[in-house]
Amino acid sequence: MRDFPDVMALLYADNITLVGPVSASLHAAQALESALQEINLKLNPVDSALYVPKYHPADAPPQAYTDYAEECAREGGVAVPWVGKHQGVTILGFPVRPPAWVAEFLAKTKAKIDYELACMSALDDGLVHFHMTRLCTNHVLRYHLRGLPSGSTP
């Protein structure tokens with residue numbers, strides 16, 4: 001990332017977020033992808049996203065993204081999806097903008113937790129139930145709520 005001083009890389013486990021100007025971030029992502037290939041790893045475009053607050057309300061992606069996506073297609077690759085109008089993005093697993101999308105994201109997360117809790121009701125071993133709740137389900141919602149402003153939650 002030294003070659004891209006305008007791009008900040010936020011890293012946590014297998015989550016990588018690049019923050020910076022569109023063209024510089026796209027070039028940094030390509031360099032990162034090349035570096036990962038050297039150690040037999042690869043970026044997962046499906047779990048990736050390009051979020052540009054300035055272009056978020058736009059109906060079409062910026063030209064820099066369009067050029068990047070066309071280059072990926074020519075080379076037989078898959079472009080990182082562009083996050084556009086009415087869509088949101090997660091940064092290191094944390095939902096970010098717009099507010100309606102964040103609310104929908106958290107509602108889906110809650111629905112998954114509700115489903116897991118319903119499945120766990122079939123467990124007849126109290127110790128297993130306790131550990132599943134304590135170590136798995138209990139942390140998911142708190143994980144997603146960890147950085148929301150106080151006005152975002154009831």
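- Taken from CG in D114 to SG in C119, the straight-line distance is 11.0 Å, to the nearest 0.5 Å.
- Considering every non-hydrogen atom in both Y65 and L26, the closest pair reads CA-CD1, 4.0 Å.
- Every residue two or more places apart in sequence or in another chain that forms a salt bridge (charged side-chain N to carboxylate O under 4.0 Å, His left out) with E104 is listed here: K108.
- Grouping the Ile, Leu, Val, Met, Phe, Trp and Tyr side chains by contacts below 4.5 angstrom, directly or via other members, places Y115 apart from V128.
- Taking CZ of F105 as the reference point, atom NZ of K110 lies at 15.0 Å (rounded to 0.5 Å).
- A distance of 13.0 Å separates CG in L18 from NE2 in H27, rounded to the nearest 0.5 Å.
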Mind listing the side-chain donor-acceptor pairs of residues 1-10 below 3.5 Å, one per line with the distance, residues two or more places apart or on another chain?
none

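- Remark: L41 engages L36, I39 in a side-chain contact (heavy atoms from CB on, under 4.5 Å) (not counting sequence neighbours).
- Not a single side chain to side chain donor-acceptor pair (under 3.5 Å) links Q30 to another residue, sequence neighbours left out.
- Shown here are the side chain to side chain donor-acceptor pair (under 3.5 Å) partners of D67, two or more places apart in sequence or in another chain: Q63.
- K112 meets the salt bridge (charged side-chain N to carboxylate O under 4.0 Å, His left out) test with no other residue; sequence neighbours excluded.
- Within the 4.5 Å cutoff, side-chain heavy atoms of D125 are placed close to those of L127.
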